[in-house]
Amino acid sequence: MRLSRSPAPVTVVTVAAACLAALTLVLCVPYDASPHARVRPQPGRAAAPAPGGAAEEPAGAECRTSVEGSHVVAYCHNPYAATDRVRLHVECARWWDLDTDGAATEVGPAETVRLTARCWKEVDAAWVSHARP
């Protein structure tokens with residue numbers, strides 16, 4: 001039996017299937033490198049101009065919160081020139097366990113701070129609030 005040495009014929013269907021597969025792969029792969037805005041405007045509402053007509057500088061630390069058992073740890077990094085004031089808030093799952101609001105901590109430019117809190121038992125929710133000093 002003799003095998004053909006000529007390449008397989010390329011048809012429009014083959015090219016379309018290859019393009020569809022490539023497009024599906026590109027759209028399904030997550031892309032986490034996109035920048036995130038610090039303040040998202042509400043839909044249907046225009047952003048109010050800053051006093052004096054000048055554009056407002058971006059500000060606000062980026063915080064990553066993790067919960068392991070009854071312990072909460074948040075790392076906040078401020079990539080901007082303005083100082084940000086952050087607080088860790090924890091709601092405990094048990095009714096008798098006290099919820100906590102941590103002390104305000106200032107995060108200067110290019111600084112990273114570690115905020116910790118805990119419950120006696122399970123943690124129900126944890127978040128970080130931001131304020132300008």
Side-chain angles (χ1 to χ4, degrees):
M1 181 162 112
R2 182 177 155 130
L3 297 175
S4 174
R5 293 188 187 266
S6 65
V10 178
T11 63
V12 175
V13 175
T14 307
V15 172
C19 290
L20 182 63
L23 182 64
T24 303
L25 180 65
V26 168
L27 294 177
C28 291
V29 175
Y31 186 63
D32 293 332
S34 61
H36 299 286
R38 292 287 107 204
V39 177
R40 292 181 175 88
Q42 294 178 352
R45 201 170 167 193
E56 193 171 315
E57 293 284 328
E62 177 183 336
C63 298
R64 296 170 192 248
T65 307
S66 65
V67 177
E68 291 185 20
S70 62
H71 296 274
V72 179
V73 178
Y75 290 96
C76 295
H77 175 73
N78 185 8
Y80 300 109
T83 301
D84 190 16
R85 185 174 290 150
V86 295
R87 292 179 72 173
L88 178 62
H89 306 273
V90 177
E91 283 186 5
C92 300
R94 307 291 177 146
W95 65 269
W96 46 263
D97 206 349
L98 297 176
D99 298 341
T100 59
D101 296 321
T105 304
E106 290 194 1
V107 185
E111 280 187 348
T112 302
V113 297
R114 179 176 189 246
L115 306 171
T116 60
R118 68 179 299 264
C119 295
W120 281 101
K121 290 280 188 176
E122 301 87 16
V123 174
D124 191 30
W127 69 95
V128 176
S129 63
H130 301 264
R132 289 202 171 173

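Note that the numbering runs from 1 along the sequence shown for the chain. Quantities reported herein were computed from a predicted structural model and do not represent experimental measurements.
Residue V90 is tested with V67, D101, V72 for a side-chain contact (heavy atoms from CB on, under 4.5 Å); the sole match is V72.
For the atom pair CG of D97 and CD of E91, the computed distance is 11.5 Å after rounding to the nearest 0.5 Å. Going from atom CH2 of W127 over to atom CG of L88 covers 9.0 Å, rounded to the nearest 0.5 Å.
Under the rule for a side-chain contact (heavy atoms from CB on, under 4.5 Å), the partners of V86 that lie at least two apart in sequence or sit in another chain are A61, C63, C76, D84, T105, V107, V113, L115, V128, H130. For the side-chain contact (heavy atoms from CB on, under 4.5 Å) test, no residue two or more places apart in sequence or in another chain qualifies with A81. Taking W120 as the reference, nothing meets the ring pair (Phe, Tyr, Trp, His ring centres under 6.0 Å) condition, with sequence neighbours excluded. Partners of T112 by side chain to side chain donor-acceptor pair (under 3.5 Å), not counting sequence neighbours, listed by chain and number: H77. The side-chain contact (heavy atoms from CB on, under 4.5 Å) check on S70 picks up R118, with sequence neighbours excluded.
Heavy-atom minimum distance, H89 versus S129: NE2-OG, 2.7 Å.
Each salt bridge (Lys or Arg N to Asp or Glu O under 4.0 Å) pair with one or both residues in residues 122-133, not counting sequence neighbours, appears once here: E56-R132, R94-E122. Legend: salt bridge (Lys or Arg N to Asp or Glu O under 4.0 Å) pairs involving residues 67-81, not counting sequence neighbours: none detected. Sequence neighbours left out, the pairs with a member in residues 102-117 that pass salt bridge (Lys or Arg N to Asp or Glu O under 4.0 Å) are R85-E106. Among residues at least two apart or in separate chains, disulfide (SG to SG under 2.5 Å) pairs with a member in residues 98-133 are C92-C119.
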